[in-house]
Amino acid sequence: MGASKRRKELFLLKHPLCFFCGSASETEDHVPSRECFINRVWPEGYVFPACKACNNKAGPLEQVAALYMKLGDHSGTTPSDQFLKLLSGVRNNNPEYLPRLDVTANAKKRALPLYNLSHPPDEPAASAPIAEMPNENRKAFEAFERRLTCALYYKHMKEVMPTTHMIRTFRTQVIARNSETLIRTIAPMFPNTIRTTRQNTNLGDQFTYVWYGSEDKQMFAFIAQFSQSYVFLGVACRSEDLEGGKDYRLHSDDL
């Protein structure tokens, strides 16, 4: 038996339940997806036990979310072969999720101040490099966010999230004005900070988050930032502890 196969078997023995649905684990699942990281070099400690159904179901939508996270990255990185493969994969598998390039000049003009985007005043707004995300991609992002919430709950609460839990997620781009409130005001209120690494290499500039968990109430919340791309917020709690619940959905809806 190879060392890799033996390691996987030991991992599944130690983690016999799928982190997402609670059924028997059969595979290893990377959350966040490896596609979210440069050259697919993912942080240590973010491999989770999963059944084949949950793992396979997530793949296509995670590809879409990873593409938009790359598109929305304002850290100045140059598009790579990895990005081009992501783009090709979405074009072939889910073309309805591709960004719309036919944005009107008025729509671009409204978007510039909302996202703190600079544009030469002597150039028409129509020439601004702004694309519109289709409504369909909300499905991909929501799937990504809810899986991330379940994975971090499993990692830090040491249990599978009950299907009766309520989940609420939210996302914003780092360059959006409302992200400043999350990053500068709300995030410091969380007691735990994680800056991810791999083999002593800092990956915190690609994926970092703060979190809070209450074992007594089985309540969990986090705020995560991916590069200079997106900020995600996730909250999971029991229905009896819910306040302002119109934006929450049962975890059982995911299954």
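For reference, positions follow the sequence shown, starting with 1.
- With rounding to the nearest 0.5 angstrom, the CZ atom of Arg168 is 12.0 Å from the CZ atom of Arg146.
- By the ring-ring contact (aromatic ring centres under 6.0 Å, His included) test, His74 pairs with no residue at all, sequence neighbours left out.
- With sequence neighbours left out, the salt bridge (charged side-chain N to carboxylate O under 4.0 Å, His left out) criterion links Arg198 to no other residue.
- Summarising the geometry of Ala176 relative to Ser179, their closest heavy-atom pair is O-OG, 2.7 Å, with the distance given to 0.1 Å.
- The side chain to side chain contact (heavy atoms under 4.5 Å, CB included) check on Leu17 picks up Val160, with sequence neighbours excluded.
- Of the residues listed (Trp42, Phe19, Tyr153, Phe11), the one engaging Phe48 in a ring pair (Phe, Tyr, Trp, His ring centres under 6.0 Å) is Phe19, and it is the only one.
- The side chain to side chain donor-acceptor pair (under 3.5 Å) contacts involving residues 217-237 comprise Glu159-Gln218, where partners must be two or more places apart or lie in separate chains.
- Applying the side chain to side chain contact (heavy atoms under 4.5 Å, CB included) test to Leu250 and every residue at least two apart in sequence or in another chain returns Met166, Ser252, Asp253.
- Between the CZ atom of Arg138 and the CD atom of Glu145 there is a distance of 11.5 Å, given to the nearest 0.5 Å.
- Tyr154 and Met219 sit in two unconnected hydrophobic clusters of ILVMFWY residues. Membership requires side-chain heavy atoms under 4.5 Å apart, directly or through other members.
- Sorted by first and then second residue, the side chain to side chain donor-acceptor pair (under 3.5 Å) pairs involving residues 183-197 (not counting sequence neighbours) form an empty list.
- Under the 4.5 Å side-chain contact rule for hydrophobic residues, Val231 and Ile186 share a cluster.
- Leu112 is not listed as a side-chain neighbour of Lys108, based on a closest heavy-atom distance of 4.5 Å or more.
- Not counting sequence neighbours, the partners of Ala125 by the side chain to side chain contact (heavy atoms under 4.5 Å, CB included) test are Lys109.
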Quick one, Asp73 with Ser75, criterion side chain to side chain donor-acceptor pair (under 3.5 Å). Give me CA distance, side-chain angles, the key distance, then yes/no.
CA-CA 6 Å; Asp73 187 1; Ser75 60; 2.8 Å; yes
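- If you look at Phe207 and Phe226, their ring centroids are closer than 6.0 Å.
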How far apart are the C-alpha atoms of Met161 and Thr149, what are their side-chain angles, what is the distance that settles it, and do they pass the side chain to side chain contact (heavy atoms under 4.5 Å, CB included) test?
CA-CA 9 Å; Met161 184 187 298; Thr149 303; 4.1 Å; yes
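- The two residues His251 and Cys150 have their closest heavy-atom pair at CE1-SG, 3.4 Å.
- Within the 4.5 Å cutoff, side-chain heavy atoms of Glu9 are placed close to those of Arg6.
- Under the 4.5 Å side-chain heavy-atom criterion for grouping Ile, Leu, Val, Met, Phe, Trp and Tyr, Leu182 is not connected to Trp211 through any hydrophobic cluster.
- The six-membered or imidazole ring of Phe232 lies near that of Phe144, with a centre-to-centre distance under 6.0 Å.
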Test log, rule side chain to side chain contact (heavy atoms under 4.5 Å, CB included), inputs Val90 and Leu98:
CA-CA 7 Å; Val90 174; Leu98 289 174; 3.8 Å; yes
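- Every residue two or more places apart in sequence or in another chain that forms a side-chain hydrogen bond (donor to acceptor under 3.5 Å, both in side chains) with Tyr46 is listed here: Tyr209.
- With rounding to the nearest 0.5 Å, the separation of CD in Gln82 from CG in Leu87 is 12.5 Å.
- Scanning all heavy atoms of the two residues, the minimum distance from Asn137 to Pro134 falls at OD1-O, 2.9 Å.
- In this structure, Leu86 and Gln63 have side chains that are in contact, with non-hydrogen atoms separated by less than 4.5 Å.
- Within a 6.0 Å sphere centred on CG of Asn200, other residues, nucleotides and ligands contribute 12 heavy atoms or fewer.
- The existence of a salt bridge linking Glu96 and Arg91 is excluded, since no basic side-chain nitrogen approaches an acidic carboxylate oxygen closer than 4.0 Å.
- Contact check on Glu35 versus Lys70 returns no salt bridge, with no Lys/Arg side-chain nitrogen under 4.0 Å from an Asp/Glu carboxylate oxygen.
- A donor-acceptor pair shorter than 3.5 Å cannot be found between the side chains of Thr104 and Asn106.
- Using a 4.5 Å heavy-atom threshold, the side chains of Tyr212 and Phe220 count as separate.
- Ile194 has its side chain out of reach of Val210: every pair of non-hydrogen atoms, C-beta onward, lies at least 4.5 Å apart.
- Within the model, atoms CG of Asp247 and CZ of Phe170 stand 10.5 Å from one another, a figure rounded to the nearest 0.5 Å.
- Annotation: side chain of Val64 is not in contact with side chain of Glu136 (no heavy-atom distance under 4.5 Å).
- Here the straight-line distance linking atom NZ of Lys85 with atom CZ of Arg40 works out to 8.5 Å at 0.5 Å rounding.
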Which atom pairs, donor and acceptor, lie under 3.5 Å between side-chain atoms of residues 50-61 and protein residues at least two apart or in another chain?
| from | atom 1 | to | atom 2 | distance (Å) |
| --- | --- | --- | --- | --- |
| Asn55 | ND2 | Thr27 | OG1 | 3.0 |
| Asn55 | ND2 | Glu28 | O | 3.2 |
| Asn56 | ND2 | Lys52 | O | 3.2 |
| Lys57 | NZ | Asp254 | O | 3.4 |

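- In the hydrophobic cluster analysis, where Ile, Leu, Val, Met, Phe, Trp and Tyr join through side-chain heavy atoms closer than 4.5 angstrom, Tyr68 is grouped apart from Ile175.
- Across Glu142 and Arg249, no two heavy atoms sit closer than the pair OE1-NH2, 2.9 Å.
- Hydrophobic clustering, with ILVMFWY side chains joined whenever heavy atoms are under 4.5 angstrom apart, groups Ile183 together with Phe190.
- Partners of Asp241 by salt bridge (charged side-chain N to carboxylate O under 4.0 Å, His left out), not counting sequence neighbours, listed by chain and number: Arg238.
- Under the salt bridge (charged side-chain N to carboxylate O under 4.0 Å, His left out) criterion, Asp81 pairs with no residue at all, not counting sequence neighbours.
- A 4.5 Å side-chain heavy-atom check between Val31 and Leu148 finds at least one atom pair inside the cut-off.
- Contacts of Glu215 classified as salt bridge (charged side-chain N to carboxylate O under 4.0 Å, His left out), with partners at least two apart in sequence or in another chain: none.
- Annotation: side chain of Tyr248 is in contact with side chain of Leu242 (closest heavy-atom distance under 4.5 Å).
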